[in-house]
Amino acid sequence: MAASWLFAAVFLLAGVYGHETANTEEFDVRPGGLEHSFSLSLGDYSCTFTYVAQGGTNEKWKMSVGVSEDNQLFSCSIWRPQGSSYLFFMQFKATVTGGKIEFSEAYSQTSADGLRDVPLKKSEYEISETAVSNIPGAFSSTLSKLVLVVRSTHDEL
């Protein structure tokens, strides 16, 4: 079952949907120890990334959201295009509305400059029906990408 959701995530994130059902925006992840958030919405769905980070200066990150043609799956990806982040994340949380999380993965390093994605240990974060967040005391404070696939809670008649 998990493999089917991984396939769905790859399918959605590969851009297999029309331009009107996908959106990508760049935003700054700002250090300083204060809580910041960035959100994107698409139709009945939304994704919000909330974090507290320290060290260095602003980093350019991206958020992509997409909806499947049948409007039953929603994807949200949050990542640093340059690969690994040099910021120290004190906490993070990605929340969604419009459905329940079916699959999620968090990464300490993303594929860039010939490097491969490196997932966080499952013991570093938790997944609920509508959020993915770090586990205080277990999270290594490194984050470079979050991927969420959400199934709609609305049934089409």
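All values below come from the heavy atoms of this structure, side chains included, with hydrogens, waters and symmetry mates left out.
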**Report entry** Pairs where residues 46-62 contributes a residue and the test salt bridge (charged side-chain N to carboxylate O under 4.0 Å, His left out) is met, not counting sequence neighbours
**Finding:** D28-K60, E59-R80
Of all the heavy-atom pairs spanning [X] and [Y], show the shortest one and how long it is.
X: I101; Y: S104; value: CG2-CB, 4.1 Å
X: L42; Y: T21; value: CD2-O, 3.2 Å
X: G83; Y: T110; value: CA-OG1, 3.0 Å
X: G55; Y: P31; value: O-CB, 3.2 Å
X: T48; Y: S39; value: OG1-OG, 2.7 Å
X: S144; Y: S84; value: OG-CA, 3.2 Å

Atom [atom1] in [X], atom [atom2] in [Y]: separation rounded to 0.5 Å?
X: E129; Y: I127; atom1: CD; atom2: CD1; value: 12.5 Å
X: L148; Y: F74; atom1: CG; atom2: CZ; value: 8.5 Å
X: K93; Y: S37; atom1: NZ; atom2: OG; value: 10.0 Å
X: L120; Y: T142; atom1: CG; atom2: OG1; value: 5.5 Å
X: I78; Y: L143; atom1: CD1; atom2: CG; value: 8.5 Å
X: F27; Y: L40; atom1: CZ; atom2: CG; value: 8.5 Å

Requested in this report: For the residue pair T57 and Y86, confirm or rule out a side-chain donor-acceptor distance under 3.5 Å.
Outcome: yes
Any heavy-atom pair between the side chains of [Y] and [X] that's under 4.5 Å?
X: S152; Y: L73; answer: no
X: F103; Y: V147; answer: yes
X: F139; Y: F92; answer: yes

Query - disulfide bond (SG atoms under 2.5 Å apart) contacts touching residues 23-70 (sequence neighbours left out) - result: C47-C76
Report summary line: For residues 120-149, the disulfide bond (SG atoms under 2.5 Å apart) pairs (sequence neighbours left out) are none
Query raised in the report: Can L87 be reached from M63 by stepping across I, L, V, M, F, W or Y side chains whose heavy atoms are under 4.5 Å apart?
Result: yes
Query - hydrophobic_cluster_shared for V96 and Y45, side chain cutoff 4.5 Å - result: yes
Report task. Could you pull out all residues at least two apart from Y125 that satisfy ring pair (Phe, Tyr, Trp, His ring centres under 6.0 Å)? Result -> none
Report task. Only one of Q91, H36, E35 passes side-chain contact (heavy atoms from CB on, under 4.5 Å) with T50; say which it is. Result -> E35
Query - Heavy-atom donor-acceptor pair, Q109 side chain to R116 backbone, under 3.5 Å - result: yes
Query - Chi angles and distances behind the side chain to side chain contact (heavy atoms under 4.5 Å, CB included) call for Y51, V29 - result: CA-CA 8 Å; Y51 64 91; V29 169; 3.6 Å; yes
Query raised in the report: What pairs with T97 under side chain to side chain contact (heavy atoms under 4.5 Å, CB included), at least two apart in sequence or on another chain?
Result: S46
**Report entry** Test: E105 and K122 ion pair at under 4.0 Å
**Finding:** yes
Requested in this report: Give the C-alpha distance, both sets of side-chain angles, the deciding distance and a yes or no for side chain to side chain contact (heavy atoms under 4.5 Å, CB included) between K100 and T153.
Outcome: CA-CA 7 Å; K100 294 180 181 179; T153 53; 3.8 Å; yes
Query raised in the report: Should the pair F49 and F89 be assigned to parallel (<30°), tilted (30 to 60°) or perpendicular (>60°) ring geometry?
Result: tilted
Requested in this report: Tell me who clusters with F88, hydrophobic residues only, linked when side chains sit under 4.5 Å apart either directly or through other members.
Outcome: V52, M90
